[in-house]
J.: 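Handing you a structure now.
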Amino acid sequence: MTELSKSGAAVGEPTSASRPPSAFLEVRDLKVHFPTDDGLVKSVDGLSFQLEKGKTLGIVGESGSGKSVTSLGIMGLHTAGQYGKRKAQISGEIWLDGTELLSADPDHVRKLRGRQMAMIFQDPLSALHPYYTIGQQIVEAYRIHHDVDKKTARRRAVEMLDRVGIPQPDKRVDSYPHEFSGGMRQRAMIAMSLVNNPELLIADEPTTALDVTVQAQILDLIRDLQKEFGSAVIIITHDLGVVAELADDLLVMYGGRCVERGPADKVFYEPRHPYTWGLLGSMPRLDREQQERLIPVKGSPPSLINVPSGCAFNPRCPYADIPKDNVTRTVRPELTEVGSKHWAACHMTREQRERIWAEEIAPKL
Ligand SMILES: Nc1ncnc2c1ncn2[C@@H]1O[C@H](COP(=O)(O)OP(=O)(O)OP(=O)(O)O)[C@@H](O)[C@H]1O
Ligand code: SF4
Ligand SMILES: [Mg+2]
């Protein structure tokens, strides 16, 4: 069993910035902390993962687990958040196509944003300007990176609106955001994000506010566009069901840290962390009666200022007493390999977890 250091590298491997990245996107030991009057909020606290072009990573976790802060950090927008009055503290390494973004010139990162990496935001209204037409905004996004006249850029905007399934795109290009329905706004934002064919697309809860049919259409759209452009995609969601089929890899976040990650089918069908079991248990099931569908993970998400000592999940974990000597409440578990490219952070032995999964959890799902 290999043990991972905080950076996610196997213990003994060098973790310095001199080690070249081995993937298109490589995040190492990312920390994003916010100083507040109540104390330091450790929204992201040592997150590491890799993503190749053409692949999709699903990041899953409850509200407040640090998913949006992670994506904003990658985009270099962590200071632009809704609470962003004081400067966020960010550390670690974010390698995108061979460039380390945290130490790069902010002007360079600004140029990469939009062109090489783009984000679909959780709330399309906050990302679209109310006073400009959808077309003007897409034209603007395109012309920042392409030296073309307005007419050419407008043609491109209409083409993109068409690609994302907006009816009568040559007319709707002149609509204002408030004239679009929620699903159409989400599509318009996807069109704007993709106008420059970004190599990395981060979609933060792209479907939360939408009804089930539109959700499925938006996810299909992201999948089609990814195939066409060969981009690397990160889909962020609190709903494992949304990404189970779409993602190649899954990363489960709890309290600003990764508690499990690996190939999507492994994390989905052979999960090895009690929190992932809880998430699976709370997934809506179409083949069950309404009242049987949702078994939420009991208790509340941890404080990110006073994170519980030991395993942050221990106050909510039904198995916290299984590991010996109260280790669960005193020692923070590191990610350890539980299968090929599959990692989980839990003090229970692999055998204990395999048994609980097979005998107690899987039969109930
Ligand atoms: N600028 C800030 N200052 C202080 N705390 C912040 C700031 N930005 C985010 N946070 C806190 O960081 C934590 C993680 O926030 P984040 O938005 O990443 O959660 P999330 O996983 O995206 O949740 P959701 O599913 O609700 O979108 C939250 O507790 C949030 O209150
Ligand atoms: S380390 Fe302990 S508390 Fe944490 S998930 Fe494993 S059994 Fe539960
Ligand atoms: Mg969020």
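In each ligand, atom 1 is the first atom listed, and ligand 1 is the first ligand listed.
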J.: Angle between ring planes, His178 versus Tyr176, binned at 30° and 60°: parallel, tilted or perpendicular?
T.: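 Rings of His178 and Tyr176: parallel, as their planes differ by under 30°.
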
J.: I'd like to check whether Leu304 has a polar contact with ligand 1, where a contact means an N/O of the residue lying under 3.5 Å from an N/O of the ligand.
T.: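 It does not: no N or O of Leu304 is found under 3.5 Å from an N or O of ligand 1.
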
J.: Out of Ser303, Gly64, Pro302, whose heavy atom is nearest to atom 19 (O) of ligand 1?
T.: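 Minimum heavy-atom distance to atom 19 (O) of ligand 1 goes to Gly64.
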
J.: Regarding Asp162 and Arg172, does a basic nitrogen lie under 4.0 Å from an acidic carboxylate oxygen?
T.: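 A salt bridge is absent here (no side-chain N lies under 4.0 Å from a carboxylate O).
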
J.: Is there a polar contact between ligand 1 and Gly61, counting only N or O atoms under 3.5 Å apart?
T.: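 N/O-N/O distance below 3.5 Å does not exist for this pair.
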
J.: State which residue, out of Lys266, His342, Glu260, fulfils the side chain to side chain contact (heavy atoms under 4.5 Å, CB included) condition with Pro271.
T.: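 Running side chain to side chain contact (heavy atoms under 4.5 Å, CB included) over Lys266, His342, Glu260 with Pro271 returns exactly one hit, Glu260.
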
J.: Can you tell me how the ring of Tyr131 sits relative to the ring of His129, calling it parallel under 30°, perpendicular over 60° and tilted otherwise?
T.: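 Ring orientation of Tyr131 relative to His129: tilted.
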
J.: Which atoms of ligand 1 sit under 4.0 Å from any heavy atom of Ser68?
T.: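 Here the atoms of ligand 1 in question are 17 (O), 18 (O), 20 (P), 22 (O), 27 (O).
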
J.: Rounded at 0.5 Å granularity, tell me how far CD1 in Ile305 sits from OG1 in Thr36.
T.: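 Between atom CD1 of Ile305 and atom OG1 of Thr36 there are 4.5 Å.
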
J.: Under 3.5 Å, is there a donor on one side chain and an acceptor on the other for Asp204 and Ser68?
T.: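 Distance-only check passes for Asp204 and Ser68.
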
J.: Numbering the atoms of ligand 2 from 1, which are under 4.0 Å from a heavy atom of His273?
T.: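 Listed by number with element: 5 (S).
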
J.: I need the contact type for Glu205 against ligand 1. Using non-hydrogen atoms and a strict under-4.0 Å cut-off, is it side chain, backbone, both or neither?
T.: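 The part of Glu205 near ligand 1 is the side chain, not the backbone.
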
J.: Can you tell me how the ring of Tyr254 sits relative to the ring of Phe313, calling it parallel under 30°, perpendicular over 60° and tilted otherwise?
T.: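 Answer is perpendicular, since the angle exceeds 60°.
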
J.: Can you confirm, on distance only, whether ligand 1 has an N/O atom lying under 3.5 Å from any N/O atom belonging to Phe34?
T.: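 No - when backbone and side-chain N and O of Phe34 are compared with those of ligand 1, no distance drops under 3.5 Å.
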
J.: Is it the case that more than 12 heavy atoms not belonging to Glu179 sit under 6.0 Å from its CD atom?
T.: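 Above 12, so yes.
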
J.: Met117 and side chain to side chain contact (heavy atoms under 4.5 Å, CB included): which single residue from Asp97, Leu25, Leu200 fits?
T.: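 Output: one option passes, namely Leu200.
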
J.: Can we say Arg329 and Asp321 salt-bridge, meaning some charged N sits less than 4.0 Å from an Asp/Glu carboxylate O?
T.: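 Looking at Asp321 together with Arg329, the answer is yes, because their closest N to O distance falls below 4.0 Å.
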
J.: Return all protein N, O or S atoms below 2.8 Å from atom 2 (Fe) of ligand 2, chain by chain in residue order.
T.: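 Listed by chain and number, the nearby protein N, O or S atoms are Thr328 OG1.
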
J.: Would one find more than 12 heavy atoms of other residues, nucleotides or ligands at under 6.0 Å from atom CD of Glu140?
T.: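 No, the 6.0 Å shell around CD holds no more than 12 heavy atoms from other groups.
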
J.: Quick one: which ligand 1 atoms are inside 4.0 Å of a heavy atom on Glu62?
T.: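 This gives 21 (O) as the contact atoms.
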
J.: Quick one: does ligand 1 sit under 4.0 Å from the side chain of Lys67, the backbone, both or neither, non-hydrogen atoms only?
T.: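 The part of Lys67 near ligand 1 is both the backbone and the side chain.
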
J.: For the 3.5 Å polar cut-off, considering only N or O atoms, please tell me whether Ser65 and ligand 1 meet it.
T.: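 The answer is yes, given that Ser65 and ligand 1 share an N or O pair closer than 3.5 Å.
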
J.: Checking the N or O distance criterion of under 3.5 Å, is ligand 1 in contact with Ser63?
T.: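 N/O-N/O distance below 3.5 Å exists for this pair.
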
